[in-house]
2 protein chains.
Amino acid sequence: MSNKNKASITELLRASKLSITDTRVKILELFMNTNGALEHSSFEKLAGQSFDRVTVYRTLQTFLDKGIIHSIPTTDTSIRYALCKSDCSEHDHHDHHVHFKCEECGATTCLEDTDVPEIHLPKGYAMHNVDVVVSGVCNQCR
Amino acid sequence: MSNKNKASITELLRASKLSITDTRVKILELFMNTNGALEHSSFEKLAGQSFDRVTVYRTLQTFLDKGIIHSIPTTDTSIRYALCKSDCSEHDHHDHHVHFKCEECGATTCLEDTDVPEIHLPKGYAMHNVDVVVSGVCNQCR
DNA sequence: AGCGCTTTTGCAACAAAGCTGCATAAGTGT
DNA sequence: ACACTTATGCAGCTTTGTTGCAAAAGCGCT
């Protein structure tokens, strides 16, 4: 982890009006070092026993509320989270990229450059958010 | 539940080479009576204690394997299931419609007539399946 | 209808994921 | 450095999902 990233983590937390704690810094470091989505169990594996399960849940929830991370829908029972791009915030959340889940390595990644196409709903439906999850084989696994 | 539906349930099970049991018939009835996706806890609410939790899990897994139902990704911890259209089967599964989750009533429905638009992945990615989940307010809740 | 064989079911026990309340610890502004 | 607020850790609990095994139900055959 470079000093540059450390500094930007501090900045990010401050911008969200969150106090800077070991847990939050560590979890954000993990997100930045991992190019992809993390589920809860990842944190225990990556960070060991260094902090309590409950703290991880609460930290993730806080980050969600502040728009620092977003959740990715899955067909299994765990919830995956990924860092939001810099132009997301608590009240203005635009997360219009495609999520890709690799069937080989299991990793879920955000394809930032793949736009979600426009979807036309039937009459009477109001659209707030669109999640697209593509499954297949990623460029690393072929 | 009409006799017509009862007959078609029997047919459906037979076509999938599954024996016809009370649990399977009852669960399929619940699917047919509910215009939308069901999560596990729904079955306990709708069917009461009439069968064991484990049986429900195993029945749903069997239906998934046979292509009778499909799972819908969610950002919460439970898995939702919906009936597949008649032209799905174990080996030829085409479930190219949009799923809609209403933020008011919480219901998840399949918008059979809303096609999933084509998505162009970056080079090196192979696409097997696309899931689209739109959240917003449904036509019933406005 | 009855018989044997296979498949399903129900039970018990377990594992993982997630939440809540409360006391302690750490961060923040002055 | 101090008081105040916020975050963490612990204990305990709920929900969700799984596995192994014995009993029960469904199915094909006569």
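- Within the 4.5 Å cutoff, side-chain heavy atoms of B:T62 are placed close to those of B:R24.
- Side-chain nitrogen and oxygen atoms of A:T55 include at least one within less than 4.0 Å of the OP1 or OP2 phosphate oxygen of D:dG9.
- A:R58 comes within 4.0 angstrom of a nucleotide base, judged by non-hydrogen atoms across all strands.
- Taking atom CZ of B:F51 as the reference point, atom C1' of C:dC11 lies 17 Å away to the nearest angstrom.
- For B:F43 and B:Y57, the ring centers are positioned 6.0 Å apart or more.
- Residues A:R24 and A:T77 each lie close to DNA chain D; by heavy-atom proximity, the contact nearer the 5' end of the strand is made by A:R24.
- The hydrophobic cluster around B:I72 extends to B:V133, counting ILVMFWY residues whose side-chain heavy atoms fall within less than 4.5 Å of a member.
- On a pure distance criterion of 3.5 Å, a polar donor-acceptor pair joins the side chain of A:R53 and the base of C:dG18.
- The distance from atom CG of B:D52 to atom P of D:dG20 is 17 Å, rounded to the nearest whole Å.
- Remark on the helix from C:dA1-D:dT30 to C:dT30-D:dA1: inter-end axis angle 50°, axes from five-pair C1' superpositions, rounded to 10°.
- A:K66 is not listed as a side-chain neighbour of A:L12, based on a closest heavy-atom distance of 4.5 Å or more.
- Within 4.0 Å (heavy atoms only), A:T59 reaches sugar-phosphate atoms of the nucleic acid but no base atom.
- Both B:D22 and A:S78 lie near DNA chain C, and the one whose nearest nucleotide falls closer to the 5' end is B:D22.
- Which of D:dG17, C:dG18, C:dC19 sits closest to the side chain of B:H40 comes down to D:dG17.
- Backbone-only contact: A:T23 has heavy atoms under 4.0 Å from sugar-phosphate atoms and none from a base.
- A donor-acceptor pair under 3.5 Å links the side-chain atoms of A:T74 to the main chain of A:D76, judged by distance alone.
- An OP1 or OP2 oxygen of D:dA25 is reached within less than 4.0 angstrom by no side-chain nitrogen or oxygen of B:S19.
- Atom CZ of A:F43 is separated from atom P of C:dA16 by 18 Å (rounded to the nearest Å).
- Atom-to-atom, NZ of B:K17 to P of C:dT6 comes out at 18 Å; the value is rounded to the nearest Å.
- With C:dG10, C:dT9, D:dC10 as the choices, the nucleotide that has an atom nearest any side-chain atom of A:V54 turns out to be D:dC10.
- OP1 or OP2 of C:dG18 has at least one side-chain nitrogen or oxygen of A:Y57 nearer than 4.0 Å.
- In this structure, A:H70 has its ring center at least 6.0 angstrom away from the ring center of A:Y81.
- Sequence neighbours left out, not one pair with a member in residues 42-52 of chain B passes salt bridge (Lys or Arg N to Asp or Glu O under 4.0 Å).
- Looking at the side chain of A:T21, the nearest of the listed nucleotides C:dG18, C:dT8, D:dT8 is D:dT8.
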